[in-house]
Amino acid sequence: MITQEQIPTVLDHPVYDTDGNKIGDARHVFLDDATGQPEWVSVKTGLFGTSESFVPIRDASIVEDHLEVPYPKDTVKDAPNVDVDAGGHLSEDEEHRLYEHYGIDWDAAWQQANQPGEGGWAHTDTSETTDMPRSADTGVSGDDAVTRSEERMHVGTERREAGRARLRKYVVTEEVQQTVPVRREEVRVEREPITDENRDAALSGPDISEAEHEVTLHEERPVTETETVPVERVRMTTEEQTDEETVRGQVRKEEIDTEGADEDRRDR
C-alpha cells in the first residue's frame with residue numbers, strides 16, 4: 001500500500017505493470033475522503049501522453065524509481081474515461097465504473113474497509129464519511145495552497161510508408177524513315193557508222209540475216225537490318241521535401257476559484 005508520505009515519490013514517475021511494461025507517468029494521486037489514504041493514481045498514456053487513465057493504488061508498490069501496479073498495461077489503457085470535477089473528486093458513479101473495470105467488488109471492498117481494528121482502513125475520527133476520492137496533486141502539506149495544473153500538447157512526427165514507386169521498362173515499335181540512294185541499269189542503243197576500222201567485223205556474218213542479243217540489267221534495292229545498342233541508364237532516387245502541416249488537439253487545464261470569500265477583501 002502507498003502511504004501519504006510516498007505520494008511525492010510517485011508523482012511524475014514511471015508506472016509499470018507486473019510484466020515490466022511501462023504504462024506511462026503518474027500525474028495525480030487521489031485520496032479517500034474518509035481515510036485520507038491514497039486510493040487512485042492517474043497515469044498519462046498515449047503516444048504523447050495525451051490520455052489519462054485511473055488505476056487503483058491500494059495494492060501498488062514502489063519498486064526502485066517507479067510505481068508498479070498489479071494490472072496489465074492494456075487493462076489500464078482501456079479504463080473508462082473519468083471527468084474529475086472542479087473540486088478534484090471522483091463521483092460515485094465514476095468510481096463504480098472503475099471498480100467494475102478492474103474487477104473489484106464494490107460492496108466487498110466497502111465491507112472490508114469497515115472491519116473492526118486496523119483491517120478496516122475506512123475508520124476515521126472525522127465527521128465527514130463520504131468515500132469519494134479527492135485529488136492529492138500537491139502531496140501532503142499543512143498549508144492552504146493548491147497547485148494548478150494544465151495539460152501541454154507535445155507534437156512530434158512518426159515515419160510511415162506513404163506509397164510505392166517502381167521502375168519498369170517495356171518494348172514499343174515505331175516507324176523509322178530514312179532516304180538512301182539506289183542504282184539501276186537501263187538499256188541504251190548506240191549506233192556507229194561503218195569505217196575502215198570496223199568493216200571486217202561488220203562483214204563477218206551473212207549478208208542478210210536475223211540476229212538477237214540479250215543484255216542482263218542490274219539494280220540496287222534497299223536492305224534493312226537492326227542491331228541492339230545501349231543508349232542510356234535510368235535509375236530511381238528519392239529526395240525529402242518538407243511541408244508545413246497544422247495539427248489541433250484539446251488540452252485541459254485547471255482554473256482557480258473561491259467560494260465564500262469577501263470580494264472586497266480579496267481584491268486588496
K.L.:
When rounded to the nearest 0.5 angstrom, what is the spacing between OG in S53 and CZ in R27?
P.N.:
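The OG atom of S53 sits 13.0 Å away from the CZ atom of R27.
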K.L.:
About how many Å separate CG of L217 and CD of E219, when rounded to the nearest 0.5 Å?
P.N.:
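Here the rounded value is 9.0 Å.
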K.L.:
Would the distance check show the side chain of D196 and the main-chain N or O of R199 forming a donor-acceptor pair, the cut-off being under 3.5 Å?
P.N.:
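No.
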K.L.:
Give a yes or no on whether the backbone of H218 and the side-chain of E185 come within a donor-acceptor separation of less than 3.5 Å.
P.N.:
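Judged by distance alone, yes, a pair lies under 3.5 Å.
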K.L.:
Does R160 come within less than 4.0 Å of E158, counting only side-chain N to carboxylate O?
P.N.:
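Between E158 and R160 there is no salt bridge, as every charged N stays at least 4.0 Å from the carboxylate O atoms.
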K.L.:
So, does N198 use its side chain to make a donor-acceptor pair with the main chain of T195 at under 3.5 Å?
P.N.:
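Side chain of N198 to backbone of T195: a pair is present.
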K.L.:
Can you run down the side-chain hydrogen bond (donor to acceptor under 3.5 Å, both in side chains) pairs that involve residues 168-180, sequence neighbours left out, and say none if there aren't any?
P.N.:
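Qualifying pairs, neighbours excluded: none.
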K.L.:
In plain terms, say whether E220 and R183 are close enough for a salt bridge, that is, a side-chain N and a carboxylate O under 4.0 Å apart.
P.N.:
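R183 and E220: salt-bridged.
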K.L.:
How about Y102 and V55: do any of their side-chain heavy atoms sit closer than 4.5 Å?
P.N.:
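Of all side-chain heavy-atom pairs linking V55 with Y102, at least one is under 4.5 Å.
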K.L.:
Salt bridge check, E186 against R184: does any charged N sit closer than 4.0 Å to a carboxylate O?
P.N.:
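E186 and R184: salt-bridged.
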K.L.:
Decide whether I104 and V29 are clustered together by the hydrophobic rule: side chain heavy atoms of Ile, Leu, Val, Met, Phe, Trp, Tyr closer than 4.5 Å, transitively.
P.N.:
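Yes, same cluster.
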K.L.:
When you check the gap from the basic side-chain N to the acidic O, do R252 and E151 get nearer than 4.0 Å?
P.N.:
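Yes.
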K.L.:
Following the transitive rule for hydrophobic clusters with a side-chain heavy-atom cut-off under 4.5 Å over Ile, Leu, Val, Met, Phe, Trp and Tyr, establish whether V234 and V171 coincide in one cluster.
P.N.:
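Not linked; separate clusters.
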K.L.:
Got a donor-acceptor contact below 3.5 angstrom from the E100 side chain to the R97 backbone?
P.N.:
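Between the backbone of R97 and the side chain of E100 there is no qualifying donor-acceptor contact (under 3.5 Å).
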K.L.:
Between CZ of R58 and CD of Q37, what distance do you get to the nearest 0.5 Å?
P.N.:
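Taking CZ in R58 and CD in Q37, the distance rounds to 10.5 Å.
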K.L.:
Could I get the full list of ring-ring contact (aromatic ring centres under 6.0 Å, His included) partners for H13, not counting sequence neighbours?
P.N.:
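With neighbours one apart ignored, the set is empty.
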K.L.:
Please output the side-chain donor-acceptor pairs of residues 63-73 that fall under 3.5 Å, not counting sequence neighbours, one pair per line with the distance.
P.N.:
{"unit_1": "H66", "atom_1": "ND1", "unit_2": "V63", "atom_2": "O", "d": "3.1"}
{"unit_1": "K73", "atom_1": "NZ", "unit_2": "K22", "atom_2": "O", "d": "3.3"}

